[in-house]
Enquirer: 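First the structure, which I've put down as structure tokens, then a few questions once you've had a look.
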Protein chains: 2
Amino acid sequence: MPTPPPPSQPSSSPSLPSSPSSPSAPLTERQEARRRRILQASARLARRGGFDAVQMREVAETSNVALGTLYRYFPSKVHLLVATMQDQLQHMHETLHKRPPQETEAAARVAETLMRAFRALQREPQLADAMVRALNFADRSVSPEVDTVSRLTTAIILDAMGLEGPPTPEQLSAVRVIEHTWHSALITWLSGRASIAQVKIDIETVCRLIDE
Amino acid sequence: MPTPPPPSQPSSSPSLPSSPSSPSAPLTERQEARRRRILQASARLARRGGFDAVQMREVAETSNVALGTLYRYFPSKVHLLVATMQDQLQHMHETLHKRPPQETEAAARVAETLMRAFRALQREPQLADAMVRALNFADRSVSPEVDTVSRLTTAIILDAMGLEGPPTPEQLSAVRVIEHTWHSALITWLSGRASIAQVKIDIETVCRLIDE
DNA sequence: GTCAATCCTGAAACTTGTTCTAGGTTAGCG
DNA sequence: CGCTAACCTAGAACAAGTTTCAGGATTGAC
């Protein structure tokens, strides 16, 4: 039968959800510490050598955790890296909150915000490689986690827009398209097919969808 | 002595470029046939089970080629799948040439064109999964091949726009952003995070960048 | 404080992408 | 024809992600 769509697994969260958003298991202190060690090791290895350098055995050793335990916390390498991205995005969001962009036009504020994020990624291109490749390679089993990243990104963009009331459906569509462009532009940059300048242009172009 | 590697050979293209665009080696008839068998096997397996189902050993067996030979034709699984995508896109381009979209607005024509492509992908979601995941996972070593795919996509969109003269820089920017959105929207659909309707909206939204 | 349930560890095993090797085959060329 | 270089094959070997399992350590509930 050519109809193999995965029957959607009801997510048998055993006890350790990799996303901190779903509090289905409170995690003891030591567990929280383990989780943090793992994420730190992941980011460190990623910074050094990108996606390929994040090897599960090495992450386990570095974070003083057995391989099996690592897999209990993060069921796959992609899960791990997407969680790492969540982590970094969270930082980014806080940083942006402290120093919001000053432009007058909403479109310009969004563009500036994304360019700030882009500059941050340029400082650690290997880390960016690991996170973005994982995000784009993720299959359905990582959907919840990827969705969390997506919501975070949306929040950042909406923040930058600085709306009064709730966003209109049109605005939400624009934000979605901006996110698409953001992710895809990052990929083309990481794989060396687009220059930094080109990414800037693409971001500015898509941000035109906002006001008008 | 640990220094036996040959003096250095910049791009020793042995004889088998995986992209048919660079005619650096004319390929004999049997070679052409082998290449075609491989691509066919790849597409068949992909149709059955997506990215994961395309296993190099099985591709080799199915296409009656030794594993080493497969790797000589396509230096990695991602190369193979990106080449498969090139192949499919070529078909798509020809098909579209025969029945161009009839809308009056350029934006509408582009949107309709992409929606046609999208519907084609919906008919073989697993094949789409394999090709799109490979495209987005590709690293720098696959850049030339990914670039070929990108140029093909650009050509299809420019065709749909039906321009008189050469495109302006603004139009090219818009096309780039449309491509970004197209790729990223496909990913969100494939991973089950966006509905078909949502993809349609995103495409229509980004196409607004064209006229105006 | 004891006990059962759960978690963690260490190590081996399994899977699939990729590389390597030794020998047979093919294509052009004198 | 016969030679040589490049190509192809079969198969082993290697690398890294993932799974599994037996046993020791923690934890939470009584």
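Proteins get letters first, then strands, A, B, ... in listed order; numbering begins at 1 in each.
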Enquirer: Return the 5'-most residue of the pair A:N64, A:L67 with respect to DNA chain C, ranking by each residue's nearest nucleotide.
Expert: A:N64
Enquirer: Measure the distance from CD on A:E32 to C1' on D:dT27 and round it to the nearest whole Å.
Expert: 17 Å
Enquirer: Would you compute the distance between atom CG of B:L121 and atom CE of B:M131 and round it to the nearest 0.5 angstrom?
Expert: 5.5 Å
Enquirer: Map B:V78 and A:A66 onto DNA chain C by nearest heavy atom, then report which one ends up closer to the 5' terminus.
Expert: A:A66
Enquirer: Looking only at the side chain of A:Q55 (C-beta and beyond, no hydrogens), which of the listed nucleotides C:dC8, D:dG17, D:dT9 gets closest?
Expert: D:dG17
Enquirer: Just how far, in rounded Å, is P of C:dT26 from CD of B:E29?
Expert: 15 Å
Enquirer: Could you give the CE-to-C1' distance, from B:M56 to C:dT15, as a whole number of Å?
Expert: 15 Å
Enquirer: Write down the distance between CD (B:E61) and P (C:dG17), rounded to a whole number of angstrom.
Expert: 12 Å
Enquirer: Would you list the atom pairs, donor with acceptor, under 3.5 Å between side chains in residues 38-46 of chain B and any protein atom, with sequence neighbours excluded?
Expert:
residue : atom : partner : partner atom : Å
B:S42   : OG   : B:T84   : OG1          : 3.0

Enquirer: Touch check for A:V54, heavy atoms < 4.0 angstrom, all strands: base, sugar-phosphate only, or nothing?
Expert: sugar-phosphate
Enquirer: Would you mind reading off the distance between B:R72 atom CZ and C:dT26 atom P, rounded to a whole angstrom?
Expert: 16 Å
Enquirer: So for B:R57 and C:dT18, does any side-chain atom that can act as donor or acceptor lie under 3.5 Å from a complementary atom in the base?
Expert: yes
Enquirer: Starting at CZ of A:F74 and ending at C1' of D:dT19, how long is that distance when rounded to a whole Å?
Expert: 19 Å
Enquirer: Using whole Å, report how far OH of B:Y71 lies from P of C:dT19.
Expert: 7 Å
Enquirer: Just the rounded figure in Å: distance from P of D:dT9 to CG of B:L70.
Expert: 10 Å
Enquirer: Does OP1 or OP2 of C:dT26 have a side-chain N or O of B:Q31 closer than 4.0 Å?
Expert: no
Enquirer: Does the separation of the ring centres of B:F137 and A:F51 fall below 6.0 angstrom?
Expert: yes
Enquirer: Regarding A:R35 and the six-membered ring of A:Y73, is the cationic atom NZ or CZ under 6.0 Å from the ring centre and inside 45° of its axis?
Expert: no
Enquirer: Want to settle it: does A:R30 or A:D52 sit nearer the 5' end of DNA chain D, counting the closest nucleotide to each?
Expert: A:D52
Enquirer: Check step by step if salt bridge (Lys or Arg N to Asp or Glu O under 4.0 Å) holds for A:K200 and A:E204.
Expert: CA-CA 6 Å; A:K200 184 163 193 279; A:E204 287 165 353; 3.1 Å; yes
